[in-house]
Amino acid sequence: MKVLYLDCQSGISGDMTLSALIDLGADIAYISDELKKLPIDPFTLNVKQVDKRGISAKLLDLQFEESEGDGHSHEHGVGHSHGHSHSHAHLDDHSHDHGHSHTHSHSHSHSHLDEHGHEHAHDDGHHSHSHRKASTILGMIRDSSLAPRVKQRSLAVFGVIAEAEGKIHGMDPEEVHFHEVGGMDSIIDIIGVCLAIESLAVDRIISSPVPTGHGKIMIAHGLYPIPAPATAEILKGVPLADFHVRGELTTPTGAAFVKALASEYGQLPALAIENIGYGAGKKNFEHPNVIRAVLFNEEPAAAREKISVLECQLDDTTGETLGYVMEKLLAEGALDVYYTPVAMKKSRPGTLITVLAKPEHAFKLEDILLRETSTFGVRKTEWTRRILERDFKAVDTAYGPVTVKVGMLEGEILKLSPEFEDVKRAAISHGVPLRDVFLEVQKEAGAQFGLKYSDVGL
Ligand SMILES: O=C([S-])c1cc(C(=O)S)c[n+]([C@@H]2O[C@H](COP(=O)(O)O)[C@@H](O)[C@H]2O)c1
Ligand code: NI
């Protein structure tokens, strides 16, 4: 299973991410071809190699083809309901960290209010560009021929942005009219990233903590704080990085990737790296302004799981209490509990209590140790364990049905283990030795699963 780690040490934006994934090996022709099936402006998608403080990285080179006659390169294929000719749609037209280079001849003034032509749109707090209404973009994605996971991921990203914009502007998310974030570039960045993820066959995404940058940014709405309100809204629940740089490091689109696509936040996973890609931001800082995309190949997910290990040792607890505590821990969901005799300080013999638990049960089990034993503290460590896939099958025997636990490695049956309580019940009810029932289950289970007796772990 492929795992993608987004190392956002200099923040994250749409074009940086797309560049990094292309650098990582995503098929640019596939991305471009799939995007061209959508009703969007004609474009060419390229990347060029740039140097960002000594790191060679890909920079997105997205060019829109000029349309004849109107001097306006963007016909806004999504919706096309507006007749006015202001040139507003492109989110990279302002000074924040975007790598798109445009070749259109019409003059983008680089004064945001003007170039986005949005002043009119804000008179009543609503916007008239139906081509950038959230519901129109979401509809276009739903009606497209994009692969199911590409659709699902793109909808999730746009959904997160629409929710945030809706909250900021006090509107229904479906009715939100994107400005910068709704431009053709953004549509290409967002769906392009989802296509790139598909091209790399990524199943799981982890993101580093995210630095936002600080200061002010001029956008269509005016002079806004950094992080922009939409970015801040989207980043709720995402750990921020303790790295403070003047300027916008993370944009709403970048934040939305992290929020909608990553299932975990944290450090690089403890896996072998397969490949690394660097995507450049447009700005230059004292640090390399790049995002690093790292690809891992993980063992099949089912084969390894996380467990919590709880420990404490006691030198003043009775055997009666220890017996009671073990039963209680198991009843409350511990996977296993075991006691190890230990020699403790002051020459005292003691008992080390070890509890294996699912991470979600750890807190409750710690409570039991703290309340029911004399300990003043509990240690917790996180382990992973590789386990066989398992299934439970009923096997008919001369002593009635007995449940057998089947252990498999990549589909191959390695172990058949009769459930002890079933065997015990059958032995008692038939008045036969436990061993006779075991041997009978061994014979029947071996025959049912086509294993030799010697392969049946009885
Ligand atoms: O377009 C809109 S409404 C918009 C809102 C906000 C808010 O925070 S609200 C911020 N921005 C700025 O647009 C650019 C583009 O962001 P991308 O995610 O499309 O790269 C960025 O500078 C945002 O701060 C736009
Ligand atoms: Ni607005």
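Note that ligands are numbered from 1 as they come in the structure, with each ligand's atoms numbered from 1 the same way.
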Minimum side-chain heavy-atom gap V47-I22 below 4.5 Å: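 Contact flag for V47/I22 side chains = yes.
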Would you check if L45 and I31 make a side-chain contact, meaning some heavy-atom pair closer than 4.5 Å? yes
Can E298 and R204 be counted as an ion pair, charged N to O under 4.0 angstrom? yes
Are any of the side-chain nitrogens in K58 or D15 under 4.0 Å away from the carboxylate oxygens of its partner? no
As an exercise, identify every atom of ligand 1 less than 4.0 angstrom from a heavy atom of [X].
{"X": "H169", "value": "3 (S)"}
{"X": "S186", "value": "19 (O)"}
{"X": "E248", "value": "21 (C), 22 (O), 23 (C), 24 (O)"}
{"X": "H221", "value": "3 (S)"}

Does [X] have a heavy atom less than 4.0 Å from any atom of ligand 1?
{"X": "E233", "value": "no"}
{"X": "G14", "value": "no"}
{"X": "P229", "value": "yes"}

Working note: E305 + R386, criterion salt bridge (charged side-chain N to carboxylate O under 4.0 Å, His left out); need CA distance, chi angles, decisive distance, verdict. CA-CA 7 Å; E305 65 177 22; R386 190 169 172 207; over 6 Å; no
With under 30° as parallel and over 60° as perpendicular, where do the rings of H244 and H214 fit, or are they tilted in between?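 Answer is tilted, since the angle falls between 30° and 60°.
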In terms of relative ring orientation, are H221 and H169 parallel, tilted or perpendicular, with 30° and 60° separating the classes?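 Because their plane-to-plane angle lies in the 30° to 60° range, the rings of H221 and H169 count as tilted.
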Please check this pair: side chain of Q9 against backbone of V290, looking for a donor-acceptor N/O pair closer than 3.5 Å.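 Flag set: sc Q9 to bb V290 pair under 3.5 Å.
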Return a yes/no value for [X]: is any of its N or O atoms, backbone included, closer than 3.5 angstrom to an N or O of ligand 1?
{"X": "E165", "answer": "no"}
{"X": "T251", "answer": "yes"}
{"X": "Y224", "answer": "no"}

Quick look: A230 vs ligand 1, heavy-atom contacts under 4.0 Å, and the answer is both
Of the side chain and backbone of I168, name the one, both, or neither that has a heavy atom under 4.0 Å from an atom of ligand 1. side chain
